[in-house]
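Working notes for the structure below.
Per chain, numbering begins at 1; letters A, B, ... match sequence-line order. All values reported here derive from a predicted model rather than from experimental measurement.
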Protein chains: 2
Amino acid sequence: MDAGYEAHLRVGSVTVDGRDVALLRAVADHGSLNAAATALGRSYSRAHSRLGDLEEALGPLVDRERGGADGGGSRLTDEGRALLARFDRLAAALDGTATTERLVLDGTVLSREGRVAVVETPAGRVRALALTDDDRVQVSFRADAVTLHRPSGAPEGDETSARNRFEGTVTGVDRAEAVAGVTVDVGAGSPLVVRVTTDSLDRLGVEAGDAVVASFKATATRATRAYDT
Amino acid sequence: MDAGYEAHLRVGSVTVDGRDVALLRAVADHGSLNAAATALGRSYSRAHSRLGDLEEALGPLVDRERGGADGGGSRLTDEGRALLARFDRLAAALDGTATTERLVLDGTVLSREGRVAVVETPAGRVRALALTDDDRVQVSFRADAVTLHRPSGAPEGDETSARNRFEGTVTGVDRAEAVAGVTVDVGAGSPLVVRVTTDSLDRLGVEAGDAVVASFKATATRATRAYDT
DNA sequence: GACCGTTGTGTCGCCATCGACACAACGACG
DNA sequence: CGTCGTTGTGTCGATGGCGACACAACGGTC
């Protein structure tokens with residue numbers, strides 16, 4: 001069971017999705033809407049009308065020329081390129097969250113203050129952004145939202161804004177291409193996985209068996225409904 | 001122009017989306033598939049067949065009983081509840097990234113090592129996960145991925161895994177319900193926004209005009225194509 | 001002036017999806 | 001044994017989206 005998403009940008013009445021972006025990108029690559037549509041296996045007429053709808057809401061996205069020795073063609077405007085960049089950033093952000101592993105802890109809410117809740121979990125107390133009013137929750141946060149520290153250099157509460165902290169021992173290091181996964185036993189049922197660059201890993205000098213401190217921000221952790229019973 | 005997404009979980013041949021989850025949730029609330037379908041304005045027959053497709057791929061999701069004084073009814077199985085919890089976590093994660101503001105910096109890649117690139121930006125050098133082979137990139141990261149430090153307590157390079165760091169001065173603090181947005185001038189065109197709990201803010205004692213250090217992890221920052229000309 | 005590959009329109013029909021509807025089976029309860 | 005509100009099926013028609021296709025307009029080039 002793997003997680004996925006479909007990104008879109010909503011502007012006024014239209015929502016531009018990955019399909020639209022693929023079309024624009026193909027226009028940029030092929031130099032004509034006709035070639036772009038056929039390259040994507042789509043009909044020109046549909047692509048044309050869709051592009052018209054997009055431009056009605058977003059302003060000119062492509063410069064079009066017709067006639068001439070080569071028959072004409074279409075190229076992206078600056079706005080069109082900006083839209084591609086914007087969508088790429090959104091896709092990058094979403095892709096990161098859909099594919100990045102998360103640590104999930106069962107817990108119960110002890111207190112709330114606005115959207116911030118203090119949750120008791122097997123690994124300790126955690127502050128999280130609560131998205132439910134239930135008190136039985138699951139607390140989760142991303143593997144790349146956790147920063148590792150040596151116990152000696154771990155920050156005290158008053159000096160940093162990352163006040164969720166677990167102390168634990170490293171159980172394994174999985175080095176991949178420039179990025180490593182460090183698994184830390186923090187006393188919970190499942191281990192905490194932290195994504196770190198291999199570079200950082202070497203500087204920290206962390207190995208299996210070492211004691212480390214893992215810290216992460218309350219605003220980066222979420223509490224959702226547990227749905228038990 | 002606001003960003004959005006459509007979450008789904010892919011299992012084998014079916015993809016369960018928000019519509020399916022809404023149906024399951026309605027079943028849990030109303031105690032029968034019939035009531036759930038009508039409550040959602042959907043036809044029973046379609047809801048029934050869709051549920052059958054889901055269960056064919058996922059195993060039993062609802063306990064169904066027919067007959068009896070009350071005519072019978074349906075209730076979620078443990079697997080069904082687990083699916084709801086799983087989807088809620090995914091939705092929470094995606095919702096966080098789609099709505100959380102990001103700082104975007106234009107930059108050029110100086111060097112690469114695997115997927116990790118060193119990028120020169122107006123605010124300084126940054127390590128990021130590169131999603132493109134282009135050298136003209138935009139570096140972006142989430143407002144809740146940045147941790148603030150007092151200059152005195154800011155960690156040195158060897159003691160933490162968060163090695164991207166900007167020094168700057170606070171230009172404003174926007175307190176909302178339990179969460180505050182701190183804007184920091186880091187020398188780039190647009191200011192850096194950091195999401196912090198008001199509690200952390202008070203502990204740090206940060207006010208406008210103060211010098212602070214902002215740190216964030218390379219694995220939490222992305223480099224995407226800039227698309228200029 | 002003919003040619004060519006575009007852009008710009010409109011129409012037609014296919015196909016998937018979904019609501020609407022009809023009807024059998026079920027089983028506890030009065 | 002009849003009643004009732006379910007579950008379990010199937011069919012029909014409306015709707016929307018999209019490909020396929022046809023055809024005019026355009027404007028450099030040969």
Side-chain angles (χ1 to χ4, degrees), chain A residues 6 8 10 13-77 79-80, chain B residues 6 8 10 13-77 79-80:
Chain A
E6 191 71 28
H8 60 78
R10 188 157 282 145
S13 57
V14 302
T15 77
V16 1
D17 59 7
R19 203 174 148 82
D20 298 322
V21 169
L23 181 62
L24 289 177
R25 196 171 281 132
V27 168
D29 290 345
H30 293 87
S32 88
L33 179 58
N34 199 329
T38 60
L40 294 176
R42 300 168 58 178
S43 74
Y44 171 81
S45 65
R46 286 294 146 190
H48 176 76
S49 71
R50 178 58 182 167
L51 181 57
D53 292 345
L54 291 179
E55 288 189 314
E56 187 177 349
L58 291 163
L61 298 175
V62 302
D63 279 329
R64 307 130 111 129
E65 288 178 5
R66 68 176 173 182
D70 57 352
S74 300
R75 283 181 354 213
L76 291 192
T77 63
E79 290 86 351
Chain B
E6 191 71 28
H8 60 78
R10 188 156 282 145
S13 57
V14 302
T15 77
V16 1
D17 59 7
R19 203 175 147 82
D20 298 323
V21 169
L23 180 63
L24 290 178
R25 197 171 280 131
V27 169
D29 290 345
H30 292 88
S32 88
L33 179 57
N34 199 330
T38 59
L40 294 177
R42 299 169 57 178
S43 74
Y44 171 80
S45 65
R46 286 292 148 193
H48 176 75
S49 71
R50 177 59 181 166
L51 181 57
D53 292 345
L54 292 179
E55 288 191 313
E56 188 177 349
L58 292 164
L61 298 175
V62 302
D63 280 328
R64 307 131 110 130
E65 288 178 4
R66 69 175 171 181
D70 57 352
S74 299
R75 283 179 356 213
L76 292 191
T77 63
E79 290 85 353

Problem set entry | Side-chain N or O of B/S74 closer than 4.0 Å to phosphate OP1/OP2 of D/dT6 | no
For this session: When you get a sec, tell me which of C/dG19, D/dG19, C/dC26 is the closest nucleotide to the side chain of B/R66?
Result: C/dC26
Exercise. Rounded to whole angstroms, how far apart are CG on A/L51 and C1' on C/dT6?
Worked result: 14 Å
Exercise. Would you say the side chain of B/V16 lies within less than 4.5 Å of the side chain of B/L58, judging by non-hydrogen atoms?
Worked result: yes
Exercise. Nearest of C/dT9, C/dC21, D/dT7 to any side-chain atom of B/S45?
Worked result: C/dC21
Exercise. Rounding to a whole Å, what distance do you find between A/D63:CG and C/dT6:P?
Worked result: 17 Å
For this session: Would you indicate, yes or no, if D/dG8 has its OP1 or OP2 atom less than 4.0 angstrom from a side-chain nitrogen or oxygen of B/R64?
Result: yes
Problem set entry | Test item: A/L23 and A/R19 side chains (from C-beta on) under 4.5 Å apart, heavy atoms | no
Exercise. What's the CZ-P distance between B/R75 and D/dT7, to the nearest Å?
Worked result: 13 Å
For this session: To the nearest Å, give me how far apart CG (A/N34) and C1' (D/dA20) are.
Result: 14 Å
Problem set entry | Spacing of A/E65 atom CD relative to D/dA25 atom C1', expressed in whole Å | 16 Å
Seminar exercise, completed: Walking DNA chain C from its 5' end, the first of B/A47 and B/Y44 to be reached, judged by nearest nucleotide, is B/A47
For this session: For B/R42 and C/dC21, give me the distance from atom CZ to atom P, rounded to whole Å.
Result: 18 Å
Exercise. Checking side-chain contact (heavy atoms from CB on, under 4.5 Å) against A/L76, which of A/L61, A/V62, A/D63 comes through?
Worked result: A/V62
Seminar exercise, completed: Picking from C/dG19, D/dT9, C/dG8, the nucleotide nearest the side-chain atoms of B/R19 would be C/dG19
Exercise. When the distance from CG of B/L23 to P of C/dC18 is rounded to whole Å, what number comes out?
Worked result: 12 Å
For this session: May I ask you to say what A/R46 touches in the nucleic acid, namely base, sugar-phosphate or nothing, with a heavy-atom cut-off under 4.0 Å?
Result: base
Exercise. Can you tell me if the side-chain N/O atoms of A/H48 get under 4.0 Å from OP1 or OP2 in C/dT7?
Worked result: no
Problem set entry | Whole-Å distance separating the CZ atom of B/R50 from the P atom of D/dG8 | 17 Å
Exercise. Nearest to the side chain of B/A69, which nucleotide is it out of D/dG19, D/dT29, C/dC29?
Worked result: C/dC29
Exercise. Counting N and O atoms only, with roles assigned by atom type, does the side chain of A/T77 sit under 3.5 Å from a partner on the main chain of A/P60, one being a donor and the other an acceptor?
Worked result: yes
For this session: Identify, between B/D70 and A/L40, the residue whose nearest nucleotide on DNA chain D lies closer to the 5' end.
Result: B/D70
For this session: Check whether any side-chain heavy atom of B/D20 sits under 4.5 Å from a side-chain heavy atom of B/T15, and report yes or no.
Result: no
